[in-house]
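Take a look at the structure below.
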Amino acid sequence: MRKSVVAIVGRPNVGKSTIFNRLAGERISIVEDVPGVTRDRIYSQAEWLTNTFNVIDTGGIELGDEPLLVQMREQAAVAIDEADVIIFMVNGREGITAADEEVAKILYKSNKPVVLAVNKVDNPEMREDVYEFYSLGFGEPYPISGTHGLGLGDLLDAVVSYFPEVVQEEPEDDTIYFSLIGRPNVGKSSLVNALLNQERVIVSDIAGTTRDAIDTPFTKDDQDFVIIDTAGMRKRGKIYESTEKYSILRALRAIERSDVVLTLIDADTGIIEQDKKIAGYAHEAGKAVVIVVNKWDTIESHEKAIKEFEDKIRAHFQFLDYAPIVFLSAKTKKRIHTLIPKVMEASENHSKRVETNVLNDVIMDALAMNPTPTVKGQRLKILYATQVAIKPPTFVVFVNDPELMHFTYERFLENRIRDAFGFEGTPIKIYARQRS
Ligand code: GDP
Ligand code: GDP
(Lines give C-alpha, C1' and ligand atoms only; values in the text may rest on other atoms or scores of the structure.)
(Ligands and ions follow the chains in the order given, each with its own letter.)
Protein backbone atom coordinates (compact mmCIF):
# COMPACT_ATOMS: atom_id res chain seq x y z
CA MET A 1 0.00 0.00 0.00
CA ARG A 2 1.33 3.39 -0.98
CA LYS A 3 1.36 5.82 1.90
CA SER A 4 -0.35 9.15 1.46
CA VAL A 5 1.92 12.14 1.07
CA VAL A 6 1.37 15.54 2.65
CA ALA A 7 3.41 18.54 1.52
CA ILE A 8 3.81 21.79 3.42
CA VAL A 9 3.98 24.92 1.28
CA GLY A 10 4.31 28.56 2.23
CA ARG A 11 6.68 31.46 2.07
CA PRO A 12 9.88 31.51 4.15
CA ASN A 13 9.61 31.92 7.92
CA VAL A 14 5.96 31.05 8.31
CA GLY A 15 7.05 27.99 10.33
CA LYS A 16 7.06 25.12 7.82
CA SER A 17 10.11 23.38 9.18
CA THR A 18 8.92 23.84 12.76
CA ILE A 19 5.71 21.99 11.92
CA PHE A 20 7.55 19.45 9.81
CA ASN A 21 9.78 18.60 12.75
CA ARG A 22 6.81 18.25 15.05
CA LEU A 23 5.10 15.89 12.62
CA ALA A 24 8.26 13.91 12.04
CA GLY A 25 8.65 13.56 15.79
CA GLU A 26 11.81 12.21 17.24
CA ARG A 27 13.09 9.62 14.91
CA ILE A 28 16.25 7.85 15.79
CA SER A 29 18.51 8.31 12.88
CA ILE A 30 22.04 7.18 12.37
CA VAL A 31 22.34 9.15 9.21
CA GLU A 32 21.11 12.43 10.54
CA ASP A 33 23.20 12.20 13.69
CA VAL A 34 26.04 13.51 11.60
CA PRO A 35 26.37 17.21 12.51
CA GLY A 36 25.07 19.56 9.87
CA VAL A 37 22.92 16.94 8.25
CA THR A 38 19.76 17.27 10.33
CA ARG A 39 18.40 20.32 8.59
CA ASP A 40 18.76 18.47 5.31
CA ARG A 41 15.78 16.39 6.05
CA ILE A 42 12.74 17.39 4.06
CA TYR A 43 10.96 14.06 3.95
CA SER A 44 9.75 11.98 6.84
CA GLN A 45 7.19 9.57 8.04
CA ALA A 46 4.52 10.91 10.38
CA GLU A 47 1.56 9.52 12.26
CA TRP A 48 -1.85 10.80 13.18
CA LEU A 49 -4.52 8.58 14.74
CA THR A 50 -4.47 5.40 12.71
CA ASN A 51 -2.80 7.02 9.71
CA THR A 52 0.82 6.72 8.78
CA PHE A 53 1.80 9.08 6.03
CA ASN A 54 4.79 10.90 4.61
CA VAL A 55 5.38 14.57 4.91
CA ILE A 56 7.50 16.85 2.73
CA ASP A 57 8.82 20.24 3.80
CA THR A 58 9.01 21.95 0.44
CA GLY A 59 10.77 24.91 2.05
CA GLY A 60 13.88 22.74 2.29
CA ILE A 61 14.22 22.68 -1.48
CA GLU A 62 16.35 25.73 -2.04
CA LEU A 63 17.17 26.87 -5.50
CA GLY A 64 20.33 28.87 -5.08
CA ASP A 65 20.01 32.37 -6.41
CA GLU A 66 16.54 32.15 -7.87
CA PRO A 67 14.27 35.03 -6.85
CA LEU A 68 11.77 34.35 -4.08
CA LEU A 69 8.79 34.08 -6.36
CA VAL A 70 10.47 31.50 -8.57
CA GLN A 71 11.43 29.49 -5.47
CA MET A 72 7.87 29.62 -4.20
CA ARG A 73 6.49 28.56 -7.54
CA GLU A 74 8.86 25.61 -7.73
CA GLN A 75 8.09 24.56 -4.17
CA ALA A 76 4.41 24.68 -4.89
CA ALA A 77 5.07 22.58 -8.00
CA VAL A 78 6.82 19.94 -5.89
CA ALA A 79 3.82 19.84 -3.59
CA ILE A 80 1.40 19.52 -6.48
CA ASP A 81 3.48 16.79 -8.15
CA GLU A 82 4.21 14.76 -5.06
CA ALA A 83 1.43 15.22 -2.55
CA ASP A 84 -2.06 13.88 -2.02
CA VAL A 85 -2.88 16.72 0.34
CA ILE A 86 -1.21 20.12 0.63
CA ILE A 87 -0.89 22.15 3.81
CA PHE A 88 -0.69 25.78 2.78
CA MET A 89 0.88 27.68 5.65
CA VAL A 90 0.63 31.39 6.33
CA ASN A 91 1.69 33.60 9.20
CA GLY A 92 -1.17 34.72 11.46
CA ARG A 93 0.89 37.60 12.80
CA GLU A 94 1.46 39.21 9.44
CA GLY A 95 -1.76 38.81 7.55
CA ILE A 96 -1.97 38.01 3.86
CA THR A 97 1.01 39.06 1.79
CA ALA A 98 1.52 39.29 -1.95
CA ALA A 99 3.63 36.12 -1.85
CA ASP A 100 0.80 34.24 -0.10
CA GLU A 101 -1.56 35.29 -2.85
CA GLU A 102 0.90 34.16 -5.47
CA VAL A 103 1.14 30.68 -3.93
CA ALA A 104 -2.62 30.55 -3.52
CA LYS A 105 -3.07 31.17 -7.23
CA ILE A 106 -0.84 28.22 -8.13
CA LEU A 107 -2.44 25.88 -5.62
CA TYR A 108 -5.87 26.92 -6.70
CA LYS A 109 -5.25 25.60 -10.20
CA SER A 110 -3.91 22.25 -8.97
CA ASN A 111 -7.06 20.32 -8.12
CA LYS A 112 -5.29 18.95 -5.06
CA PRO A 113 -6.95 19.25 -1.66
CA VAL A 114 -5.46 22.17 0.23
CA VAL A 115 -5.76 22.74 3.97
CA LEU A 116 -4.97 26.26 5.10
CA ALA A 117 -2.88 26.49 8.28
CA VAL A 118 -2.47 29.85 9.97
CA ASN A 119 0.63 29.52 12.10
CA LYS A 120 1.98 31.55 15.03
CA VAL A 121 -1.43 31.82 16.61
CA ASP A 122 0.16 31.35 20.00
CA ASN A 123 -2.74 32.40 22.21
CA PRO A 124 -6.53 32.07 22.08
CA GLU A 125 -7.18 35.82 21.66
CA MET A 126 -5.40 35.70 18.34
CA ARG A 127 -7.81 33.13 16.97
CA GLU A 128 -10.20 35.94 16.05
CA ASP A 129 -7.69 37.24 13.55
CA VAL A 130 -7.64 34.20 11.32
CA TYR A 131 -10.92 34.99 9.59
CA GLU A 132 -9.28 37.33 7.13
CA PHE A 133 -7.56 34.26 5.64
CA TYR A 134 -10.88 32.98 4.34
CA SER A 135 -10.30 35.34 1.45
CA LEU A 136 -7.48 33.11 0.17
CA GLY A 137 -10.22 30.79 -1.02
CA PHE A 138 -9.31 27.53 0.69
CA GLY A 139 -12.17 27.37 3.13
CA GLU A 140 -11.71 27.26 6.86
CA PRO A 141 -8.34 28.53 8.13
CA TYR A 142 -6.89 26.32 10.88
CA PRO A 143 -5.12 28.35 13.56
CA ILE A 144 -2.02 26.61 14.86
CA SER A 145 1.07 27.31 16.87
CA GLY A 146 4.16 25.42 15.90
CA THR A 147 6.04 26.68 18.90
CA HIS A 148 3.40 25.56 21.39
CA GLY A 149 2.01 22.65 19.44
CA LEU A 150 -1.51 24.07 19.44
CA GLY A 151 -4.23 23.31 16.92
CA LEU A 152 -2.35 20.50 15.22
CA GLY A 153 -5.04 17.95 16.00
CA ASP A 154 -7.77 19.81 14.15
CA LEU A 155 -5.43 20.55 11.28
CA LEU A 156 -4.45 16.91 10.92
CA ASP A 157 -8.05 15.74 11.19
CA ALA A 158 -8.77 17.91 8.17
CA VAL A 159 -5.67 16.66 6.34
CA VAL A 160 -6.37 12.94 6.83
CA SER A 161 -9.99 13.40 5.83
CA TYR A 162 -8.69 13.90 2.29
CA PHE A 163 -6.64 10.72 2.18
CA PRO A 164 -7.87 8.30 -0.43
CA GLU A 165 -10.09 5.54 0.96
CA VAL A 166 -7.98 2.56 1.90
CA VAL A 167 -8.43 0.21 -0.98
CA GLN A 168 -8.60 -3.50 -0.43
CA GLU A 169 -5.04 -4.72 0.00
CA GLU A 170 -3.88 -6.42 -3.16
CA PRO A 171 -3.50 -10.16 -2.79
CA GLU A 172 -0.04 -10.92 -1.42
CA ASP A 173 2.10 -11.71 -4.45
CA ASP A 174 5.69 -12.80 -4.27
CA THR A 175 7.03 -10.27 -6.74
CA ILE A 176 10.27 -8.76 -5.50
CA TYR A 177 10.36 -4.96 -5.79
CA PHE A 178 13.79 -3.44 -5.82
CA SER A 179 15.47 -0.14 -6.51
CA LEU A 180 19.02 1.03 -7.15
CA ILE A 181 20.34 3.95 -5.21
CA GLY A 182 23.67 5.72 -5.23
CA ARG A 183 25.19 9.01 -6.13
CA PRO A 184 25.19 10.24 -9.71
CA ASN A 185 27.43 8.27 -12.09
CA VAL A 186 27.88 5.16 -9.94
CA GLY A 187 26.24 3.27 -12.79
CA LYS A 188 22.60 2.87 -11.79
CA SER A 189 21.14 3.10 -15.27
CA SER A 190 23.96 1.02 -16.73
CA LEU A 191 23.24 -1.71 -14.20
CA VAL A 192 19.51 -1.64 -14.85
CA ASN A 193 20.19 -2.03 -18.57
CA ALA A 194 22.72 -4.79 -17.98
CA LEU A 195 20.26 -6.69 -15.78
CA LEU A 196 17.47 -6.39 -18.30
CA ASN A 197 19.65 -7.48 -21.19
CA GLN A 198 20.87 -10.57 -19.40
CA GLU A 199 20.17 -13.98 -20.76
CA ARG A 200 16.91 -15.56 -19.67
CA VAL A 201 15.46 -12.27 -18.48
CA ILE A 202 11.98 -11.70 -19.81
CA VAL A 203 11.03 -8.06 -19.71
CA SER A 204 7.33 -7.44 -19.69
CA ASP A 205 6.38 -5.30 -22.64
CA ILE A 206 3.81 -3.39 -20.65
CA ALA A 207 6.10 -1.31 -18.50
CA GLY A 208 3.78 -0.36 -15.67
CA THR A 209 4.06 3.31 -15.08
CA THR A 210 2.88 4.69 -11.80
CA ARG A 211 2.61 8.28 -10.84
CA ASP A 212 5.75 8.02 -8.74
CA ALA A 213 8.24 6.25 -10.86
CA ILE A 214 8.77 4.14 -13.86
CA ASP A 215 8.55 0.49 -12.94
CA THR A 216 9.95 -2.26 -15.09
CA PRO A 217 8.61 -5.75 -14.45
CA PHE A 218 10.68 -8.73 -15.53
CA THR A 219 10.98 -12.42 -14.84
CA LYS A 220 14.07 -14.47 -14.24
CA ASP A 221 14.25 -18.09 -13.19
CA ASP A 222 10.50 -18.12 -12.59
CA GLN A 223 10.73 -15.25 -10.15
CA ASP A 224 8.90 -12.00 -10.87
CA PHE A 225 10.72 -8.75 -10.19
CA VAL A 226 9.95 -5.10 -10.56
CA ILE A 227 12.71 -2.51 -10.82
CA ILE A 228 11.64 0.83 -9.43
CA ASP A 229 13.42 3.61 -11.19
CA THR A 230 14.59 6.21 -8.70
CA ALA A 231 15.02 8.81 -11.36
CA GLY A 232 11.33 8.51 -12.03
CA MET A 233 9.71 10.94 -14.33
CA ARG A 234 12.47 13.47 -14.16
CA LYS A 235 13.82 15.64 -16.92
CA ARG A 236 10.72 17.65 -17.48
CA GLY A 237 12.87 20.70 -17.15
CA LYS A 238 11.66 21.99 -13.84
CA ILE A 239 14.31 23.72 -11.80
CA TYR A 240 13.77 21.69 -8.65
CA GLU A 241 14.32 18.42 -10.46
CA SER A 242 18.01 19.12 -10.72
CA THR A 243 18.47 19.83 -7.02
CA GLU A 244 20.18 17.30 -4.77
CA LYS A 245 17.42 17.38 -2.16
CA TYR A 246 14.84 16.54 -4.74
CA SER A 247 16.82 13.57 -6.00
CA ILE A 248 17.11 12.36 -2.40
CA LEU A 249 13.37 12.75 -2.03
CA ARG A 250 12.85 10.66 -5.14
CA ALA A 251 15.26 8.01 -3.88
CA LEU A 252 13.44 7.90 -0.54
CA ARG A 253 10.12 7.35 -2.23
CA ALA A 254 11.57 4.56 -4.35
CA ILE A 255 13.14 2.97 -1.26
CA GLU A 256 9.81 3.05 0.46
CA ARG A 257 8.17 0.99 -2.27
CA SER A 258 11.03 -1.52 -2.42
CA ASP A 259 11.58 -4.84 -0.73
CA VAL A 260 15.26 -4.81 -1.52
CA VAL A 261 17.48 -1.79 -2.08
CA LEU A 262 20.70 -2.14 -4.04
CA THR A 263 23.09 0.47 -2.82
CA LEU A 264 25.77 1.14 -5.39
CA ILE A 265 29.35 2.09 -4.81
CA ASP A 266 31.85 3.08 -7.48
CA ALA A 267 34.96 0.89 -7.29
CA ASP A 268 36.82 3.37 -9.41
CA THR A 269 36.38 6.44 -7.22
CA GLY A 270 35.98 4.62 -3.90
CA ILE A 271 33.69 5.35 -0.97
CA ILE A 272 32.72 8.91 -0.11
CA GLU A 273 30.58 10.37 2.66
CA GLN A 274 27.59 10.78 0.37
CA ASP A 275 27.51 7.01 -0.24
CA LYS A 276 27.13 6.43 3.47
CA LYS A 277 24.30 8.90 3.75
CA ILE A 278 22.41 7.37 0.86
CA ALA A 279 22.90 3.81 2.16
CA GLY A 280 21.68 4.96 5.56
CA TYR A 281 18.27 5.79 4.14
CA ALA A 282 17.74 2.19 3.04
CA HIS A 283 18.73 0.90 6.45
CA GLU A 284 16.47 3.34 8.25
CA ALA A 285 13.54 2.36 6.12
CA GLY A 286 13.97 -1.23 7.29
CA LYS A 287 14.52 -2.60 3.79
CA ALA A 288 16.67 -5.50 2.74
CA VAL A 289 19.97 -4.21 1.40
CA VAL A 290 22.56 -5.54 -1.03
CA ILE A 291 25.73 -3.52 -1.44
CA VAL A 292 26.88 -3.49 -5.05
CA VAL A 293 30.42 -2.46 -5.89
CA ASN A 294 30.17 -1.49 -9.55
CA LYS A 295 32.91 -0.76 -12.10
CA TRP A 296 34.92 -3.69 -10.80
CA ASP A 297 36.46 -3.88 -14.28
CA THR A 298 38.57 -0.85 -13.35
CA ILE A 299 40.25 -2.80 -10.53
CA GLU A 300 42.86 -5.44 -11.05
CA SER A 301 40.60 -8.15 -9.88
CA HIS A 302 42.30 -10.58 -7.62
CA GLU A 303 41.08 -11.96 -4.34
CA LYS A 304 43.18 -9.55 -2.35
CA ALA A 305 41.48 -6.53 -3.90
CA ILE A 306 38.09 -7.92 -3.02
CA LYS A 307 39.12 -8.56 0.56
CA GLU A 308 40.56 -5.06 0.88
CA PHE A 309 37.51 -3.38 -0.56
CA GLU A 310 35.25 -5.46 1.60
CA ASP A 311 37.13 -4.42 4.75
CA LYS A 312 36.81 -0.81 3.71
CA ILE A 313 33.08 -1.14 3.19
CA ARG A 314 32.59 -2.90 6.52
CA ALA A 315 34.48 -0.12 8.27
CA HIS A 316 32.47 2.65 6.59
CA PHE A 317 29.08 1.00 6.67
CA GLN A 318 28.99 -0.61 10.10
CA PHE A 319 25.23 -0.17 10.29
CA LEU A 320 24.91 -2.39 7.21
CA ASP A 321 26.90 -5.30 8.59
CA TYR A 322 24.12 -7.66 7.53
CA ALA A 323 24.21 -6.63 3.87
CA PRO A 324 25.97 -8.92 1.41
CA ILE A 325 28.46 -7.29 -0.94
CA VAL A 326 28.52 -8.06 -4.64
CA PHE A 327 31.39 -7.00 -6.90
CA LEU A 328 30.54 -6.60 -10.55
CA SER A 329 30.80 -4.56 -13.69
CA ALA A 330 27.71 -3.23 -15.39
CA LYS A 331 29.89 -2.41 -18.38
CA THR A 332 31.56 -5.77 -19.04
CA LYS A 333 28.78 -7.71 -17.24
CA LYS A 334 31.44 -9.57 -15.33
CA ARG A 335 30.02 -11.28 -12.20
CA ILE A 336 26.65 -9.73 -12.90
CA HIS A 337 25.00 -13.15 -12.57
CA THR A 338 25.90 -13.10 -8.85
CA LEU A 339 23.53 -10.21 -8.17
CA ILE A 340 20.02 -11.59 -8.62
CA PRO A 341 20.60 -14.61 -6.33
CA LYS A 342 21.65 -12.20 -3.56
CA VAL A 343 18.59 -10.06 -4.16
CA MET A 344 16.38 -13.13 -3.87
CA GLU A 345 18.08 -14.32 -0.71
CA ALA A 346 17.85 -10.91 0.93
CA SER A 347 14.19 -10.68 0.03
CA GLU A 348 13.48 -14.13 1.41
CA ASN A 349 15.17 -13.27 4.70
CA HIS A 350 13.35 -9.96 4.83
CA SER A 351 10.04 -11.80 4.98
CA LYS A 352 11.17 -14.80 7.00
CA ARG A 353 9.21 -15.96 10.02
CA VAL A 354 10.71 -18.06 12.75
CA GLU A 355 8.74 -20.28 15.07
CA THR A 356 8.22 -19.02 18.57
CA ASN A 357 9.42 -22.15 20.29
CA VAL A 358 12.62 -22.33 18.25
CA LEU A 359 13.19 -18.63 18.84
CA ASN A 360 12.83 -19.10 22.59
CA ASP A 361 15.27 -22.00 22.56
CA VAL A 362 17.78 -19.71 20.92
CA ILE A 363 17.12 -16.92 23.44
CA MET A 364 17.43 -19.30 26.39
CA ASP A 365 20.72 -20.64 25.04
CA ALA A 366 21.90 -17.07 24.63
CA LEU A 367 20.98 -16.30 28.24
CA ALA A 368 22.92 -19.33 29.45
CA MET A 369 25.93 -18.27 27.45
CA ASN A 370 25.90 -14.62 28.47
CA PRO A 371 23.78 -13.87 31.54
CA THR A 372 21.76 -10.68 31.49
CA PRO A 373 23.38 -7.58 32.99
CA THR A 374 22.53 -5.98 36.32
CA VAL A 375 21.92 -2.26 36.42
CA LYS A 376 21.94 -0.55 39.83
CA GLY A 377 21.42 -3.86 41.54
CA GLN A 378 18.57 -4.90 39.28
CA ARG A 379 18.91 -7.77 36.90
CA LEU A 380 17.26 -7.84 33.50
CA LYS A 381 14.93 -10.83 33.25
CA ILE A 382 13.88 -12.12 29.89
CA LEU A 383 10.61 -14.04 29.97
CA TYR A 384 10.03 -14.89 26.37
CA ALA A 385 10.28 -13.58 22.85
CA THR A 386 8.13 -13.66 19.77
CA GLN A 387 8.33 -12.45 16.20
CA VAL A 388 5.60 -9.90 15.59
CA ALA A 389 6.27 -8.80 12.02
CA ILE A 390 8.18 -9.36 8.79
CA LYS A 391 9.68 -6.90 6.31
CA PRO A 392 11.79 -6.47 8.32
CA PRO A 393 11.65 -9.31 10.85
CA THR A 394 10.64 -7.71 14.12
CA PHE A 395 10.86 -9.33 17.53
CA VAL A 396 9.37 -8.43 20.86
CA VAL A 397 11.21 -9.57 23.94
CA PHE A 398 9.14 -9.53 27.12
CA VAL A 399 11.21 -8.46 30.11
CA ASN A 400 10.79 -7.39 33.74
CA ASP A 401 11.88 -3.83 32.95
CA PRO A 402 12.69 -2.50 29.44
CA GLU A 403 15.03 0.10 30.97
CA LEU A 404 17.38 -2.71 31.89
CA MET A 405 17.75 -3.84 28.30
CA HIS A 406 20.87 -2.10 27.14
CA PHE A 407 22.00 -1.60 23.59
CA THR A 408 24.93 -3.99 23.99
CA TYR A 409 22.74 -6.80 25.26
CA GLU A 410 20.19 -6.20 22.56
CA ARG A 411 22.99 -6.32 20.03
CA PHE A 412 24.15 -9.62 21.54
CA LEU A 413 20.65 -11.06 21.20
CA GLU A 414 20.44 -9.84 17.63
CA ASN A 415 23.68 -11.59 16.80
CA ARG A 416 22.49 -14.82 18.38
CA ILE A 417 19.25 -14.64 16.39
CA ARG A 418 21.21 -13.96 13.22
CA ASP A 419 23.57 -16.87 13.89
CA ALA A 420 20.66 -19.19 14.47
CA PHE A 421 18.36 -18.21 11.63
CA GLY A 422 20.52 -16.52 9.02
CA PHE A 423 19.04 -13.15 8.25
CA GLU A 424 21.62 -12.09 5.71
CA GLY A 425 20.58 -9.00 3.79
CA THR A 426 17.90 -7.78 6.14
CA PRO A 427 17.87 -5.55 9.19
CA ILE A 428 16.04 -7.01 12.17
CA LYS A 429 14.34 -5.09 14.92
CA ILE A 430 14.10 -6.01 18.57
CA TYR A 431 11.81 -4.28 21.05
CA ALA A 432 11.78 -4.87 24.80
CA ARG A 433 8.33 -4.79 26.42
CA GLN A 434 7.39 -4.99 30.05
CA ARG A 435 5.67 -8.10 31.34
CA SER A 436 5.81 -8.92 35.03
P1 GDP B 1 10.03 28.09 7.52
O2 GDP B 1 11.02 28.99 6.85
O3 GDP B 1 8.66 28.29 6.99
O4 GDP B 1 10.44 26.66 7.53
O5 GDP B 1 9.94 28.58 9.04
P6 GDP B 1 10.64 28.03 10.36
O7 GDP B 1 9.99 26.78 10.82
O8 GDP B 1 12.11 28.01 10.14
O9 GDP B 1 10.24 29.15 11.39
C10 GDP B 1 10.59 30.52 11.20
C11 GDP B 1 10.60 31.22 12.53
O12 GDP B 1 9.28 31.27 13.08
C13 GDP B 1 11.48 30.54 13.56
O14 GDP B 1 12.14 31.51 14.28
C15 GDP B 1 10.47 29.80 14.43
O16 GDP B 1 10.94 29.64 15.74
C17 GDP B 1 9.28 30.73 14.38
N18 GDP B 1 8.00 30.04 14.62
C19 GDP B 1 7.62 28.85 14.07
N20 GDP B 1 6.39 28.51 14.51
C21 GDP B 1 6.00 29.50 15.36
C22 GDP B 1 4.82 29.73 16.16
O23 GDP B 1 3.87 28.93 16.18
N24 GDP B 1 4.79 30.87 16.89
C25 GDP B 1 5.81 31.75 16.91
N26 GDP B 1 5.69 32.83 17.66
N27 GDP B 1 6.93 31.56 16.19
C28 GDP B 1 7.03 30.47 15.42
P1 GDP C 1 24.00 6.70 -12.98
O2 GDP C 1 24.11 8.18 -12.96
O3 GDP C 1 24.22 6.13 -11.61
O4 GDP C 1 22.75 6.16 -13.63
O5 GDP C 1 25.26 6.16 -13.84
P6 GDP C 1 25.34 5.70 -15.36
O7 GDP C 1 24.76 4.34 -15.54
O8 GDP C 1 24.81 6.78 -16.22
O9 GDP C 1 26.91 5.54 -15.53
C10 GDP C 1 27.80 6.63 -15.34
C11 GDP C 1 29.09 6.39 -16.11
O12 GDP C 1 29.78 5.26 -15.59
C13 GDP C 1 28.84 6.11 -17.59
O14 GDP C 1 29.86 6.75 -18.32
C15 GDP C 1 28.99 4.61 -17.69
O16 GDP C 1 29.43 4.18 -18.95
C17 GDP C 1 30.03 4.32 -16.65
N18 GDP C 1 29.90 2.96 -16.08
C19 GDP C 1 28.77 2.38 -15.61
N20 GDP C 1 29.03 1.12 -15.18
C21 GDP C 1 30.36 0.91 -15.39
C22 GDP C 1 31.23 -0.20 -15.16
O23 GDP C 1 30.85 -1.27 -14.66
N24 GDP C 1 32.54 -0.03 -15.48
C25 GDP C 1 33.01 1.12 -16.02
N26 GDP C 1 34.31 1.17 -16.30
N27 GDP C 1 32.22 2.19 -16.27
C28 GDP C 1 30.91 2.08 -15.96
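First listed ligand is number 1; within each ligand, the first listed atom is number 1. Positions are given from 1 along the sequence.
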G187, any N or O under 3.5 Å of ligand 2 N or O: yes
Validation row, ring centre F88 to ring centre F138 under 6.0 Å: yes
Distance flag, aromatic centroids of H283 and Y322, threshold under 6.0 Å: yes
F412/H406 under ring-ring contact (aromatic ring centres under 6.0 Å, His included): CA gap, chis, key distance, verdict: CA-CA 10 Å; F412 162 72; H406 276 195; over 10 Å; no
Heavy-atom nearest neighbour in the protein, as seen from atom 5 (O) of ligand 1, with distance rounded to 0.1 Å: G15 N, 3.0 Å
Options M89, R11, R93, K120, ranked by nearest heavy atom to atom 17 (C) of ligand 1, top entry: K120
Contact check: A330 vs ligand 2, nitrogen or oxygen atoms, below 3.5 angstrom: yes
Those atoms of ligand 2 less than 4.0 Å from some heavy atom in T298: 26 (N)
K287 side chain to S258 backbone, donor-acceptor under 3.5 Å: yes
Test item: T426 side-chain N/O and E424 main-chain N/O as donor-acceptor pair under 3.5 Å: no
Trace of the side chain to side chain donor-acceptor pair (under 3.5 Å) decision for D259 with S347: CA-CA 6 Å; D259 299 308; S347 170; 5.2 Å; no
Under 4.0 Å to a heavy atom of G146 - the qualifying atoms of ligand 1, by number: 22 (C), 23 (O)
Atoms of ligand 1, numbered as shown, that sit under 4.0 Å from any heavy atom of K16: 1 (P), 2 (O), 3 (O), 4 (O), 5 (O), 7 (O)
Non-hydrogen atom of P12 closer than 4.0 Å to ligand 1: yes
Heavy atoms from other residues, nucleotides or ligands near CZ of R314 exceed 12 (cutoff 6.0 Å): yes
Protein non-hydrogen atom below 4.0 angstrom of atom 13 (C) of ligand 1 present: no
Sidechain-backbone polar pair: H148 side chain, V121 backbone, donor-acceptor under 3.5 Å: no
Per-atom contacts of ligand 1 with S145, taking only distances under 4.0 Å to non-hydrogen atoms: 23 (O)
Partner of K295 under side-chain contact (heavy atoms from CB on, under 4.5 Å), chosen from I265, T332, D266, V186: D266
Region of N119 engaging ligand 1 - heavy atom pairs below 4.0 Å: side chain
Any protein heavy atom nearer than 4.0 Å to atom 2 (O) of ligand 1: yes
Closest approach of any protein heavy atom to atom 8 (O) of ligand 1, naming residue and atom: S17 OG, 3.3 Å
Shortest reach to atom 15 (C) of ligand 1 by a heavy atom, considering only N13, V14, T18: T18
For ligand 1, the portion of D122 having any non-hydrogen atom under 4.0 Å away: side chain
Salt-bridge criterion met for K429 and E414 (N-O under 4.0 Å): no
Shortest reach to atom 16 (O) of ligand 2 by a heavy atom, considering only S190, S189, G182: S190
Nearest neighbour in protein (non-hydrogen) for atom 21 (C) of ligand 1: T147 OG1, 2.8 Å
R11/E94 under salt bridge (Lys or Arg N to Asp or Glu O under 4.0 Å): CA gap, chis, key distance, verdict: CA-CA 12 Å; R11 63 192 165 81; E94 288 178 2; 3.0 Å; yes
Options D297, I336, N193, T332, ranked by nearest heavy atom to atom 26 (N) of ligand 2, top entry: D297
Ligand 2 to S329 polar contact by distance, N or O atoms, under 3.5 Å: yes
Steps toward ring-ring contact (aromatic ring centres under 6.0 Å, His included) verdict (F53, F163): CA-CA 9 Å; F53 56 96; F163 285 173; 5.6 Å; yes
